[in-house]
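As structure tokens, the structure follows; a few thoughts come after it.
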Protein chains: 2
Amino acid sequence: MGNPDTRWLDDEEMRAWEGFLAAGALLNRRIEQQLKEEAGLSHPQYEILVRLDRAPGGELRMTELADTLLTSKSNLTYQVTQLEKSGLVRRRSCPTDVRGVFAVLTGEGRRRLEAAAPGHVALVRRLLIDVLSREQLTVLADGFGTVSRRLRDPSAD
Amino acid sequence: MGNPDTRWLDDEEMRAWEGFLAAGALLNRRIEQQLKEEAGLSHPQYEILVRLDRAPGGELRMTELADTLLTSKSNLTYQVTQLEKSGLVRRRSCPTDVRGVFAVLTGEGRRRLEAAAPGHVALVRRLLIDVLSREQLTVLADGFGTVSRRLRDPSAD
DNA sequence: AGCGCATGATTCGAATTTGAACAATCGCGT
DNA sequence: ACGCGATTGTTCAAATTCGAATCATGCGCT
């Protein structure tokens, strides 16, 4: 069996962990809902458009996109197909590697993103960013930075 | 149309927001995976068992359970059915309200939870809690406490 | 050139999640 | 006691997500 005496979470630690989970669930729900009704996009879809918009040429390889989105490749295939049906993204096969596929942001995709972004940012601001002080923001950014870095890194296993 | 000049997120704000999303995604992935292979439970299922275990008598009304879990009622119906098939939870109809249903933690459910908890807590500790300083934890707990409270409260709309 | 393993992306089926619609019942106000 | 809007939990179909398997290709090595 495992270690007989577990180091349970104390009150503060529990508060942090459950607060994190709760905030995540609630934030996601609101964001999903707002994005859907104001721009007709799911949060995952919005994130895809954002990554593509940032990328040079407005395009990224499927795998690269999946990596930055922290999602599975099969899921990305599905979402990109949906976005393609909506005309917001198109696929382009990679010239130097027959296996490779680029997801490319279309003009309409960019327009849709630009239409969605202000409302989305305003919501994130209202629900999270503006609720916290600058000091809190810094601490969170640092903390999550560390956590994310360790999670990506196999050594932190 | 919306406000023409949006207050975009500055670097620090972006770092906090994206760090939050990334940490959430990565943490969830790991937790899901570990819980599945070490205890045969999904994270949602584990959370259900935890809430029931905390509740007096090891039972809660479906709606109440759904509320604390921040999930939809239909989803809870599904999960409880799954847990019932596994023998970890059973349903009991409410004596004072014919419509009402209690989800009750079974002996086997409690055993399974007790078997899963140490590993789960250890993982949360290793990936999140122990990575942060006590000060960071406090800020996180306070910040997300506020955020969650506002998200639940319709006035914070 | 040819072998063999790693990669890139999709496909497939199963599991989960969602939201709307439903049926039954409650309980408040008259 | 009655009417009726609110509540409780489930059902249903559709959308999403997951992971294993697949298929085709790239690349290093001999």
Side-chain angles (χ1 to χ4, degrees), chain A residues 21 24-37 40-48 52 59-86 89-104 154, chain B residues 21 24-37 40-48 52 59-86 89-104 154:
Chain A
L21 288 180
L26 292 168
L27 273 172
N28 251 324
R29 182 188 294 188
R30 290 283 190 98
I31 286 173
E32 194 76 41
Q33 168 189 341
Q34 194 235 23
L35 228 30
K36 190 70 77 184
E37 64 192 28
L41 294 171
S42 67
H43 193 196
Q45 290 177 335
Y46 177 83
E47 287 298 326
I48 290 174
L52 291 180
E59 61 178 18
L60 277 173
R61 287 287 289 273
M62 293 297 279
T63 296
E64 208 172 347
L65 190 46
D67 286 347
T68 76
L69 290 169
L70 305 172
T71 185
S72 67
K73 281 185 299 180
S74 66
N75 188 24
L76 181 63
T77 291
Y78 171 77
Q79 288 295 352
V80 167
T81 301
Q82 296 307 106
L83 288 169
E84 212 170 20
K85 286 179 189 165
S86 312
V89 163
R90 67 185 174 77
R91 286 178 215 252
R92 184 169 80 78
S93 59
C94 176
T96 68
D97 185 339
V98 189
R99 298 168 305 173
V101 172
F102 281 101
V104 190
Chain B
L21 289 181
L26 292 167
L27 272 173
N28 250 325
R29 183 187 292 187
R30 291 284 190 98
I31 286 173
E32 195 76 41
Q33 168 190 341
Q34 194 235 21
L35 228 30
K36 191 71 77 183
E37 63 193 29
L41 293 171
S42 67
H43 193 195
Q45 290 177 335
Y46 177 83
E47 286 298 326
I48 290 175
L52 291 181
E59 61 179 18
L60 277 174
R61 286 287 290 274
M62 293 297 278
T63 296
E64 208 173 346
L65 190 45
D67 287 346
T68 76
L69 290 169
L70 304 172
T71 186
S72 67
K73 280 183 302 178
S74 66
N75 188 24
L76 182 63
T77 292
Y78 171 76
Q79 288 295 355
V80 167
T81 301
Q82 296 308 105
L83 288 169
E84 212 170 19
K85 286 178 188 163
S86 312
V89 163
R90 67 184 174 79
R91 287 179 215 252
R92 184 169 80 79
S93 59
C94 175
T96 68
D97 185 339
V98 189
R99 298 168 305 172
V101 173
F102 281 101
V104 191

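Numbered from 1 within each chain, the chains take letters A, B, ... in sequence-line order. None of these values were measured; they are calculated from a predicted model.
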Give the minimum heavy-atom separation between [X] and [Y], together with the two atoms involved.
X	Y	result
A/Glu47	B/Leu21	OE2-CD1, 4.1 Å
B/Leu65	B/Ala103	CD2-CB, 4.0 Å
A/Leu70	B/Arg29	O-NH2, 2.8 Å
A/Gln82	A/Gln45	CB-NE2, 3.7 Å

For this session: State whether B/Gln82 places a side-chain N or O below 4.0 Å from either non-bridging phosphate oxygen (OP1 or OP2) of C/dA15.
Result: no

For this session: Would you tell me if any nitrogen or oxygen in the side chain of B/Arg61 comes within less than 4.0 Å of OP1 or OP2 on D/dT7?
Result: no

For this session: Identify which one of A/Asn75, A/Val89, A/Leu52 satisfies the side-chain contact (heavy atoms from CB on, under 4.5 Å) criterion when paired with A/Val80.
Result: A/Val89

Atom-pair distance ([atom1] on [X]; [atom2] on [N]), nearest Å:
X	N	atom1	atom2	value
B/His43	D/dT17	NE2	P	18 Å
B/Gln45	C/dA15	CD	C1'	11 Å
B/Tyr78	D/dT10	OH	P	15 Å
A/Glu84	C/dA9	CD	P	14 Å
A/Leu41	D/dT16	CG	C1'	15 Å
A/Ile31	C/dT18	CD1	P	15 Å
B/Gln79	C/dT16	CD	P	6 Å
A/Leu65	C/dT10	CG	C1'	15 Å

For this session: Please tell me which of A/Leu76 and A/Glu32 maps to the more 5' nucleotide of DNA chain C, matching each residue to the nucleotide holding its nearest heavy atom.
Result: A/Leu76

For this session: Name the nucleic acid region contacted by B/Arg91, choosing base, sugar-phosphate or nothing; use a 4.0 angstrom heavy-atom cut-off, strictly under.
Result: sugar-phosphate

Problem set entry | From C/dT25, D/dT17, D/dT16, nucleotide with atom closest to A/Lys36 side chain | D/dT16

Problem set entry | Minimum-distance nucleotide (side-chain atoms of A/Met62 versus C/dT16, D/dT25, C/dT10) | C/dT10

Exercise. Residues from residues 67-75 of chain B sitting under 4.0 Å of DNA chain D, heavy atoms only?
Worked result: B/Lys73, B/Ser74

For this session: Quick one: do B/Thr71 and B/Gln79 satisfy side chain to side chain contact (heavy atoms under 4.5 Å, CB included)? Show the steps, please.
Result: CA-CA 11 Å; B/Thr71 186; B/Gln79 288 295 355; over 6 Å; no

For this session: Confirm from the modelled atom types if B/Arg99 and D/dT8 form a donor-acceptor pair under 3.5 Å, side chain to base only.
Result: no

Exercise. When the nearest nucleotide of DNA chain D is assigned to A/Val98 and to B/Thr63 on a heavy-atom basis, which residue is associated with the more 5' position?
Worked result: B/Thr63

For this session: Take B/Arg99 and B/Ser93 through the test side-chain hydrogen bond (donor to acceptor under 3.5 Å, both in side chains) and record every step on the way to the result.
Result: CA-CA 8 Å; B/Arg99 298 168 305 172; B/Ser93 59; over 6 Å; no

